[in-house]
Each structure stands twice: as C-alpha cells, then as structure tokens.
**Q** 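Got a structure for you, questions after.
From a predicted model like this one, the values you see are computed outputs, not experimental measurements. Here is the naming used below: chain letters follow the sequence lines, and residue numbers restart at 1 for every chain.
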There are 4 protein chains.
Amino acid sequence: MVNVGILGATGAVGQRFVQLLADHPWFSLTTLTASDRSAGKTYGSVVNWRLDSPFPDSVNDLVVSPTTVDAVKDCDIVFSALPAEIATTLESEIADAGVGVFSNASSHRMATDVPLMIAEVNPEHAALIDIQKKNHNRDGFIVTNPNCSTIMLATALAPLMQFPFKSIQVATLQAISGAGFDGVPAFGIYDNVIPYIGSEEEKIAREANKILGTFNGAKITDAPFTVSASCNRVAVIDGHTLNVWIDLAATPAEVVEAFKSWQPPFSGLPTQPAKTVQYLEQTDRPQPRLDRNRGNGMTVSVGRVRDGIRFVAMGHNTIRGAAGASVLNAELLHTKKYF
Amino acid sequence: MVNVGILGATGAVGQRFVQLLADHPWFSLTTLTASDRSAGKTYGSVVNWRLDSPFPDSVNDLVVSPTTVDAVKDCDIVFSALPAEIATTLESEIADAGVGVFSNASSHRMATDVPLMIAEVNPEHAALIDIQKKNHNRDGFIVTNPNCSTIMLATALAPLMQFPFKSIQVATLQAISGAGFDGVPAFGIYDNVIPYIGSEEEKIAREANKILGTFNGAKITDAPFTVSASCNRVAVIDGHTLNVWIDLAATPAEVVEAFKSWQPPFSGLPTQPAKTVQYLEQTDRPQPRLDRNRGNGMTVSVGRVRDGIRFVAMGHNTIRGAAGASVLNAELLHTKKYF
Amino acid sequence: MVNVGILGATGAVGQRFVQLLADHPWFSLTTLTASDRSAGKTYGSVVNWRLDSPFPDSVNDLVVSPTTVDAVKDCDIVFSALPAEIATTLESEIADAGVGVFSNASSHRMATDVPLMIAEVNPEHAALIDIQKKNHNRDGFIVTNPNCSTIMLATALAPLMQFPFKSIQVATLQAISGAGFDGVPAFGIYDNVIPYIGSEEEKIAREANKILGTFNGAKITDAPFTVSASCNRVAVIDGHTLNVWIDLAATPAEVVEAFKSWQPPFSGLPTQPAKTVQYLEQTDRPQPRLDRNRGNGMTVSVGRVRDGIRFVAMGHNTIRGAAGASVLNAELLHTKKYF
Amino acid sequence: MVNVGILGATGAVGQRFVQLLADHPWFSLTTLTASDRSAGKTYGSVVNWRLDSPFPDSVNDLVVSPTTVDAVKDCDIVFSALPAEIATTLESEIADAGVGVFSNASSHRMATDVPLMIAEVNPEHAALIDIQKKNHNRDGFIVTNPNCSTIMLATALAPLMQFPFKSIQVATLQAISGAGFDGVPAFGIYDNVIPYIGSEEEKIAREANKILGTFNGAKITDAPFTVSASCNRVAVIDGHTLNVWIDLAATPAEVVEAFKSWQPPFSGLPTQPAKTVQYLEQTDRPQPRLDRNRGNGMTVSVGRVRDGIRFVAMGHNTIRGAAGASVLNAELLHTKKYF
C-alpha cells in the first residue's frame, strides 16, 4: 500500500479527500493535517463532518498533525487542499523533501514544469515531472489539477479537439461548495445570483489553454483558442453548470456523436467513472441535483447540443472538480510508477 | 380618466398589473377578468394575493368579470395577462370591438402590423397601429411587449446600437416567477439549475431583431445581428440575470460611457423610472435580490463590462419584463393620443 | 422469490419504491402500474426519474400496466403509492382478489382491522390481518404504514413508552417531497415557511395513538396520551424535522439513556437499519441534509434532549417515512409467513 | 430635531437603523459609527448596502466615526447595533456621559434597573429609567429592546394577558438575517434546518417573563408563567415564524376576538404600525415572505388559532424584532420627555 497524507483535511475539499481515500484499494491514509489548534487531537474530535455521506469510522481515531513538512515527510504522496497562500511555499518544500504532492491549490498550476492534469484528458503532461525534478533537483514532485470550473470545460472539450475551433464563450453557474463550507453567506446568495467570482474567469481561460495544449517532450504549447468566461455563483450546493458556445465547424449531430464515442486513453482505475463524459438525451439535462452524482461524482454530463455550437456541461465541483480529480491523477501516476 | 381592464387578473402577471394600476394617475381600473368560476365574486374574495407588496384595498370589492369580449367592451384599453392559447383569438376580437389591447402574451408579437414595443427603446414602432387598423379594419388595436428576458437584453442593447455589431451570445439565469405562481415545482428547482426553458431561446432571438429593427413607415426590417441564447431557470424569486457577449468594435470604457450617457427619447411618464438603464460600478453587481427593485422594478441594471465585450444585465421580470413594460407602453400611447 | 408490484410507480413515493425494490434480495419486481396514458410503454420511457440516486437499469424495459386489479392479480404482494381517493376502493378490491397490499395511502389506516404498522415499533399489530381476513372474507389483506411525520414521532416515542406521560406537543418542519414532486410550487415555499399542511395535524394525533396503542388479540386500544401538532412546510427537499415536548417523569439523562439503549424486537431484515433510533450527541443535530441518509434513509435521528422534556427528531420522509417503512413491513410479514 | 447616532451602522441591524432614521420626522441622523478601519471615510464608501430597499442618499456623505464615547457624546440619543461583548462596557459609558442609549444588544436587558421594552406592550417599564439614573448617578440612560424572537412572542401574548395561563411552549423558525449578514453560511442552511441557536431558548424564556412582568414603581416582578422554547434556523431571509402553545382557559374564538380587539395604549407615533397585532383569517397564514412587510415591517401577524390553545405568530426580525422596535421605543420616550 502507498502511504498518503491529506494537507488541510477538515475543509470542504479536505473532507472530500477523506471520503475518497478512507477505503481506497491502493492508498493507505496515514496522515491528516489541519491547523495548529486541531493538531494532536483525533480527527473525529476536531472535524465538523458536513458531507451528506456517512463519516468514515476508519479515520475517527487518526491523530491530526500540524500542517508542516515534517508531518508528511514519511508519506509517499500527499493530497493538498490548502489555500493558495499557504500552498505556494509549503508544497514546494514538501516536494523538495522527496514527497509527491497532488495539489488542488492554484499556486503552481501555471508553472511551466508542473503538470496541470485531468487524468483522462492530458495524461501525457505527466512527463513534465521529470523536467521538474531536474529543474528543482528534487526527488518529490508537484502535480496539480485545474480549477473546478475549468475541469468541467476542458473535459467536455476533450472529445471536440478533433474539430478545429478558435473561440469559446462560457457562462458558469457555480455551486456554493466551490467557495468552501463558510465561503458564501446565506444572506448573500439566497434568492439571488452573484455574477462575479474573484479571478475565476482568468483561471478558466489560462488553465484550459494549458491543459489542452500540446507537449513536445520539453514544454507545453498553449492550445490555440481563446476562452471568454462569465462566472456566476448560484444557490446550488454541489455541481457547476456551464453554458458553452464554441465556433467549431461541425453539425450538432456530429458533436453529439463525438461526445458519445469519445473514450479516455485508459480505463479501470479505482476512481475512474465508467463514463468520463456522458451525453444526456433529455432536453432539460444535465441538472446539478439530478446528475452530479453520476459515476460517483466523477462523470461530466453534457447535453443540449444546438447550433452555435451551444451545449451545456455539468459536473460535481468538489469531486470531479477537485478531490476526485486529484486522486485519479495519483492513481494514474502510480500505474506509471512515479511513486 | 381612462377606463382600463385587466384580462387574467389573478395570476402572477395579472397581480402585478393590479398592483401597478390600482392607484394610477391616468388610468382607472374598472374591470378585472378571470376564469368563469371566479366571475361574479369580488376580486378580494377570489384572488390569492401572493406579492409581497400589500394588497390594494381599492380593488377589494371590484366584481370579477368572465374573460370575454363583452366584459371589456366598455373599457378604453385592456391589459392582457392571458396565456397565449387564449390570447390569440380573444385579443383580436377585443381589438375588433374597438378596444386598445396592451398584451403581455406572445401570440401577436411577431405579426408584421403589431408593434412589439419597449417604450423607451422603439417608440416609433407605435405607428404600426395605423397600418394594423387599416389591415384589420378595426377601431381598436393590439400592442405587445416582449418576452421578459428579451426586454432586459433589448433595453441593455439600446445604448449600444450606435456601435456596429453582428452577433450576440446571451446566457440567461431566469427567476421562477417568470413561469407563473405555480409553474415551477420546488422539488424541481431547489438546489438545482434547469438549463432549458421551452421556446425561450427562439423568442429572444427573433423578438430582439424586431424590436431593434428599423421602421420605414410601412414595415419593420429586422436588426442585422444574430442572437444565440442559452436559457436557465435558477432558484431566484424575481429578477432575470443575463450574461451577454457582443462583438462590437468599442472598448469597455466606451461601452460603459454609452450605458451612462444614454437617455430615452422622452421622460416623465408615471411608470417610467428615473433611469431606464443604470450602470453599476461595483464588481459584483447587478444582483437580482439587491437591484431588481431599482426604479420601482422598471430599471434595467447593467455592470461588469469587460473586454469581449462581456457585460451583465438584470431586471425585474414581472415588472420591467411584463406588467410594468405594458403599462408604460400604454402611458406613451396615451400621450400620443392613440386613445 | 416473491413477486411484487408497485401501484403508482412514477410519483415521488413510487420512485422510492422502485429504488428500494429494484435489487431486493427477497422480492422480485414484476409489475409497475401508472396512469392509463403510460400503460403499455416501458417504465424507462415514461418515468421522469427525479431521485438523485441513479436510475436502476433493471426496470428500464418493464412494461407499465394500468392501475387495475387485473394488472396485479398475479402478484404475491403489491406496494401502494396511490392517492387516497383511488386507494380506498382499489386497495380493497386487490385484497379481496387475494393479494397482500402494503399501502402508503391514508385510506385504510384507521380501519379497526387494518394494521397501521411501523415494523420495529408495533409488529404485534400484524395479527389484525387474521381478523381482517375473517371480517372481509378475503385471502389477501391490507397493511398500512403511517403518515410520514407520524412515523418520525411514533418511532422516537417507542423508547419512551417505558415512562408514563399524558401529553405531547409537536411542531413539524416538513420537506417539500412530502407533497409529491409537483405538490409545492417554488414560488410558494422559497424564502418562506407555510405554517399549514391540510389535515396533517389530525393524522399525526390519531395515528400516533393507534400505533402505540395496545392490542389484546381482538382490538387495539388507543394509547392514553394526547398529541397536539403544529405543522409547517419548509424549504427542505427531503427530511422531516420535529420539535417535541413530552410531559414524562424522567430526567433528560434518563431519556438519552432510553434512546441509546432501545433495541427493536428483531434485527437483520434487508431494509432494516443498524439503528432504528440513533441519538446524536452534537448540540445542533439532527439536521435533515446531514442526517437524513443515516441507515440508508431508514434511521430516525434524535437529539437535543432538554428539560421539558424537549427533544428533536428527524428522518427521511420518503424512505423511513413512506416507501422504506412499507417495504420493511413486508419483509417482517414475510418472515411471519403471511405470504 | 433630536440629534441621533447609530453605533455599528454597517451591519444587518445597523443598516436597518439607517433605513428607518434617514428621513425620520423627529430624529436627525448626525453620527454613524463603525470599526476603526472605516472611521474617517464616508458612509457611502464603506457600507456594503445589502437591504433590498434603496440606499438613502442623504447619508451617503456622512463621515463615519469610530465606535467610542467621544464620537457620540454630542448626540441626544444613540441606537446601538453593537455585539454584546462590546456593548456591555461602551453602552454604560455612553449613558454615564449623559446620552440616552436605545440598545438592541443583549448586554443590559436583564439588569433590574434597565427597561426591556416593547413600546406598545410594556411602556410603563420606562419608569425604570429614573431608578437607573439614581443607581448609576448618570444623566443618560440605557433602554433595551428584546431578542428578535421574544418580541414576536411577547407582542402576540399582550392581547392574551387578560386570560390566566401558566405555561407556554414555542417552536421558532428563524430567518438567517437574525444572525447578521455573514452569520449563517449558505452551505449550512441550504436544503436544511438547524435545530439550535446558541442561548436563544434561554433568552426567550427570561425576557418574556420580564417584559410581561408587573412594575410596582420600584421593581419588576416576573410574569408568573414558564416559557419552554425550541429554536430552529430555517432558509428564510427575513421573518421569524413561531408555533405557540399556551394553556389558557379560553376558546379559540375568544382568543381570536382578543387578537382582533386589542389596542396598544397609544397611537400615532411615526414608526408605529396601524396594527401592532394583526389577525389573519386565512388557514395558511401568516407566512414570512407574504406578511413580514405588513405595517412597514412593524406588525406582528397572528393566525391559525386552534384548540390547545395553538396559534402561529410571525414578524420581521430586523425591523419589528430589532431596529424598528428600538426606534419606536425612542419615539415613545421622546413624547414622555425623557430627552
């Protein structure tokens, strides 16, 4: 078994990591870190479990560690649910200490030698790890997963890369869990829409270009299209919905066929869903409450393909869009013997 | 005083008409129609008042009439909140009977001799009434107001018509009141987004082209741009939010200036807001709950102008987007002596 | 395997029955009935699946039957999710035809020879079936489960029957799914509380008295306490929350101990949860979104025991409070050889 | 004009004070205090106005003061929206400095020489001010208004004090604004009920006893009944709903008559509603979204009187339950020449 730790195990994404790793067939959860005031106590005694799936008893008595390099230096890999301001330095130090870091933080996503990976979409970018290890002379490494909205967009675009296109417009209707448990006050979002999410639109544009860019063995060349995003917070608990316009030269029928026939380059990993991209026939789907749990929250559902080309994409933002994507990246790299 | 009636006075839009007309300075509410089972009873005894503004006592004892031509033939004008299937025939019969019909129904919006009007945006289209009277040899007339989402889009575009542009993409986040009091089951929309509203996307495209089209004294030539809409129902009570992309050759600063400086061609009508289009400086506005009541619900708020050009527009869907728009059309035509 | 049918298989409770029975170890789902316009089509083609659990493929091609006696006469038992007005006659006819009916409808709950059963709470009432068969000279039978709020109350009271008490006050905060998929318009309940649910308060009072009443082999004597209920609809999807006051002579600590130590008279049935009544230590629990899925929706969570005696009880209204309770009744009676 | 200040003018209650005082006929808003980082800036530049009523331009350029005694020593009276931990000391110091303090904070509510007042319910308690001035040898004074839930209960009980009763049970369904703008995270309350509000139940019990207690010229003797409360937070923006049980010896018809005929001991104050207690005939009212704005948010609506005696009471928690109650207290004491 691979010994794994979770950095920041008590927050919205941290609890999702715990949920996904508590009974993982390959990974053994040995270390959970949190703030200093929780360190030394059992996870069960400090966590305020707020997921609607049952609390995994197996981690109840795990003693929480402080969020430091020392705490995780004996782990083979760690999953990071840290805020960016802490992640920037600490994740680098942990990689330098020889540990593999799978990070959900935005800090290192755009670094030229750090993979920004969606396992089924751009697995070849994993080779950046070798370059990163040389550049930093480190035994460990950092692999990042994209922003939660970017993952839905880039995954839905993967089947469409066979068509040429130059520009994308995307309006996002994002769930409140994307801001963490306490990030969105009820008074602000209830009976309301907030048409702004700080720096989200910029992240979607630049991250999509890197993920779908080409890797020549040395560096990544950004994908040659522009993304213009308009982001909204809506009163949904989990599940980001996207309205996408893409100027590609294909008929709606051809796009539907592309969605239906696309297969990821591998299959059978523990956290991988039966369908990474699922096309729904109904005229009014996908919908977050009804479709976010497809593939245990790892499927990106698409539908409503119309001329334009317009379509709708939706996925679970804290599973497919965060913790689950990170765990799947680790599973893929384990099969590739990176640890 | 002008004697006015309301067709379908007990529904979501009908109640808004009552709210706006109960104490109107020019219009005297003489007739309220509803279904046969309500006819003959007092309005106060049959209406289930569901607006958060107080019920206007002045209409409490008004006896409800059946929804027929006879019931309104002594009115100078009527406001129609009828469903399209009933409106198609009945509104024509009422116009033929010599009464002016201001309709919120979609039935006659696209007829070549029926004005599809937003008072401040295309008042010159009112002249279609004379053509309509000839065509149908009628003393009355039908004037329609657009679909509730179209009104927000077309009003926000009015200040931008000075710039050339060819295509628009718009994602709508529409309130539940747009489907009537009972149109959206809570189980369907709660913790959810429904990315489909029947025939809404088609209406927005064709209606925007007519409203912003040019009238040469004989007919309207559609505006030369395409509108590609993607419509969503969200868990908001009142207020439609739009994310708009428009390919015009101007800087964001020039667009903001256009929004700030635009003035409608007239002012001072009773239902007209101080600002038809209000530009909001804050980075996270407009928001439905905070901004829908600007100008007593008659102001379209715009903001977040960014390159693209992208911007956000929002307005109250049952006031600016329905009953209020219709009443303002009537006020304008009264000043033009159409009745 | 026992051949089972579901009467009214497309509604909110009907879909829960399908979810619970699709892969049941003892019961084989052979018949699904719905309205005449669905009859003859496959279930997958007519159902609008609105649960967030995946649609069970095993029932996709089952051809829907009309809701008639003939359609189910070859079933060993049927589960009824019919509206009361249809259930009254049809359920009797089906029982007369020799089929066991497990009904969620209110029609026959108060009949003196029909068990109103919560499997773990009053299993001895099952013996009413033999009396019912004699009275009606029927080979089949009707067994009912209580109203969804009553189940939470009566189940939470079971551990407290060891203490004498005379009166109960209960305020309910009921989920929208309790009124069916389309029963509560979003415009009515959003940002709101509706402090009235038709005839609900009367049902809770009389049903609790029957369930917790004593059976002497011939008839049931109502439990000697009064229940005064005040029912509210709140903006929650699933999960009824109850605030209970009970005038029993015990300390809060003794009540907590009673909740913790109570065990149902049997265990191990397929749909039975590990804990029928679960006491939660946290000061702010139970909460519907966090606790409704305990025991796969079959656990009634209790907490906040304070002097008064006051406590809070909560359970999943369409599983523990409806379909699941009915299935568990059937499992118990199957072990007792009633079919 | 009376010069007034507001302590803590940017929060949920502070903004309500600003809304109610911006155009007050007797009171002139001269001072707004907030945190040190806002001090010295204009109110318009620091406040994030989050009420759906328009921002009052008259206060836009008022320069914010720090929250200190010096800042308000020239005011005739101040309204306090401070958190209890700050209010305890500061309000006393301000009263000692000769200023009248009308406080919404809980700090001094239970002090034996501080009036805990609902203007229409226990105006005679104002006489405690003279005792307070002597006790503390101060020229100023502190007058408090009750907790937001207590106000709804005590106001609804006022018409019933003519009947003897000994015990009350009350379940509250409280709005999110009661916890301040940021007090309730959306993730916690959405699709949920939180059956616990810290120390709320204790406040309701003790405050109701003091408000409805008798004043003999020297001290207040608590009302001789017990209140057992069970408090819930629900997904409502504004408006607290109460389910009340009261063991009084009267018929529902007599209770309805008491609600309808009760009149407060005075009338005509600027903030006083036409009806302090309004009885609603409809079977499903009061409802927060439809009834909270009655009397500009100052009316407590009651309904659903049934045997038990059970009834429902509802009022706007930040107007009738906080800022409005405090302003009305000040208006009453101004007519009594306390300042």
**Q** Using a heavy-atom cutoff of under 4.5 Å, enumerate the residues of residues 195-203 of chain A that contact chain B, numbered in order, or state 'none'.
**A** A/P195, A/Y196, A/E201
**Q** Does anything in residues 242-262 of chain B get under 4.5 Å of chain A by heavy atoms, and if so which residues?
**A** B/N243, B/W245
**Q** Less than 4.5 Å apart, any side-chain heavy atom of B/S230 and any of A/R306?
**A** yes
**Q** Is A/L173 close to chain B through its backbone or its side chain, or both, or neither, when contacts mean heavy atoms under 4.5 Å?
**A** side chain
**Q** As an exercise, state the distance from CD of B/Q287 to CD1 of A/I189, rounded to the nearest 0.5 Å.
**A** 7.5 Å
**Q** Is it the side chain or the backbone of A/Y190 that comes within 4.5 Å of chain B heavy atoms, both, or neither?
**A** both
**Q** Contact part of A/D238 toward chain B, heavy-atom cut-off under 4.5 Å: side chain, backbone, both or neither?
**A** backbone
**Q** Just so I understand: if I count every heavy-atom pair under 4.5 Å between each of B/R233, B/M314, B/R292, B/R285 and chain A, which residue has the most?
**A** B/R292
**Q** Could you tell me whether B/N293 atom CG has more than 12 heavy atoms of other residues or ligands within 6.0 Å of it?
**A** yes
**Q** So which part of B/T241 gets closer than 4.5 Å to some heavy atom of chain A, the side chain, the backbone, both or neither?
**A** side chain
**Q** Heavy atoms only: give me the nearest B/S228-A/R310 pair and the separation to one decimal.
**A** OG-CD, 3.0 Å
**Q** Picking from B/D307, B/T226, B/V234, B/T283, which has the most non-hydrogen pairs under 4.5 angstrom with chain A?
**A** B/T283
**Q** Between CG of B/D191 and CD1 of A/I176, what distance do you get to the nearest 0.5 Å?
**A** 7.5 Å
**Q** Could you tell me which non-hydrogen atom of A/V236 sits nearest to which non-hydrogen atom of B/V193, and how far apart they are?
**A** CG2-CG2, 3.8 Å
